[in-house]
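Structure, as structure tokens:
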Amino acid sequence: MQTVLIVVHLIIVLALIGVVLLQRSEGGLGLGGGGGTQGFMTGRGQANALTRATAILAALFFTTSMILAIMSHRGAGPRSIFEGASTKAPAGQTGAPPAGNVLDQLRQQQGDAPATQTPAAPAAPAAPAAPQSR
């Protein structure tokens with residue numbers, strides 16, 4: 001249903017573009033003819049028909065746009081962040097409480113040294129060299 005409505009919407013869009021381009025303007029493209037009195041429609045009758053066609057196509061465009069927006073909104077209902085939450089622990093973890101912080105947990109998972117290892121003292125900075133003038 002939505003695909004059919006999109007195709008109808010695109011046809012309306014193309015027709016609306018064509019009708020707007022056919023109208024005479026005061027200096028734009030104005031691809032429409034209608035200068036002579038000997039034709040199917042006079043210039044005034046053609047302008048009235050194109051104005052009505054533009055209004056009808058614009059109303060149809062607005063209607064199909066609103067219907068497509070409503071259909072799109074109803075397809076994606078609101079979801080709660082609590083729907084997918086479960087109280088089970090992931091497969092690789094046991095029921096033991098986690099260690100102090102994230103770094104401790106990563107060290108335990110990697111099997112490195114115990115989490116209570118103290119870091120090494122940083123090296124003393126070297127004295128800055130004074131600039132020499134020549």
Side-chain angles (χ1 to χ4, degrees):
M1 173 70 182
Q2 193 170 6
T3 306
V4 172
L5 195 57
I6 290 173
V7 170
V8 169
H9 186 73
L10 290 175
I11 291 171
I12 291 171
V13 167
L14 293 175
L16 186 61
I17 290 171
V19 168
V20 168
L21 287 177
L22 284 175
Q23 292 180 2
R24 295 198 79 169
S25 64
E26 298 174 0
L29 277 177
L31 297 177
T37 59
Q38 297 199 0
F40 174 65
M41 298 179 78
T42 62
R44 199 160 120 193
Q46 182 183 14
N48 286 340
L50 289 175
T51 301
R52 280 190 182 163
T54 302
I56 291 169
L57 287 171
L60 288 172
F61 174 79
F62 181 75
T63 304
T64 55
S65 296
M66 293 302 288
I67 292 171
L68 283 170
I70 290 170
M71 289 175 69
S72 173
H73 180 68
R74 288 194 181 181
R79 297 185 181 145
S80 173
I81 59 171
F82 297 115
E83 285 179 5
S86 65
T87 57
K88 290 183 179 178
Q93 294 182 356
T94 61
N101 60 22
V102 176
L103 291 175
D104 293 337
Q105 290 176 7
L106 287 174
R107 286 184 190 125
Q108 287 177 357
Q109 286 178 358
Q110 291 177 352
D112 287 349
T116 59
Q117 179 181 3
T118 57
Q132 303 281 329
S133 61
R134 293 183 184 183

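Computed from heavy atoms alone, side chains included, the values below leave out hydrogens, waters and symmetry copies.
Applying the side-chain hydrogen bond (donor to acceptor under 3.5 Å, both in side chains) test to pairs two or more places apart or on separate chains, those with a residue in residues 55-68 are His9-Thr64.
Listed here is the closest heavy atom pair of Gln23 and Thr54: NE2-OG1, 2.6 Å. Nearest heavy atoms, Asp104 versus Asn101: N-OD1, 2.9 Å. When all heavy atoms are compared, the tightest approach of Leu5 to Met71 is CD2-SD, 3.8 Å. Of all non-hydrogen atoms in Leu57 and Val19, the two that sit nearest each other are CD1-CG2, 3.8 Å.
Following chains of ILVMFWY side-chain contacts shorter than 4.5 Å, one cannot reach Val7 starting from Met1, and the two form parts of different hydrophobic clusters. In this structure, Leu10 is a member of the same hydrophobic cluster as Leu68, with clusters built from ILVMFWY side-chain heavy atoms closer than 4.5 Å. Cluster annotation: Ile17 and Leu50 are assigned to the same hydrophobic cluster (Ile/Leu/Val/Met/Phe/Trp/Tyr, side-chain heavy-atom contacts under 4.5 Å, transitive). Linking ILVMFWY side-chain heavy atoms closer than 4.5 Å, directly or via other members, places Leu14 and Leu21 in two distinct hydrophobic clusters.
Between Thr51 atom OG1 and Ile56 atom CD1 the span is 11.0 Å, to the nearest 0.5 Å.
Summarising the hydrophobic clusters (Ile, Leu, Val, Met, Phe, Trp, Tyr; side-chain heavy atoms under 4.5 Å, direct or chained), the residues clustered with Phe62 are Met66.
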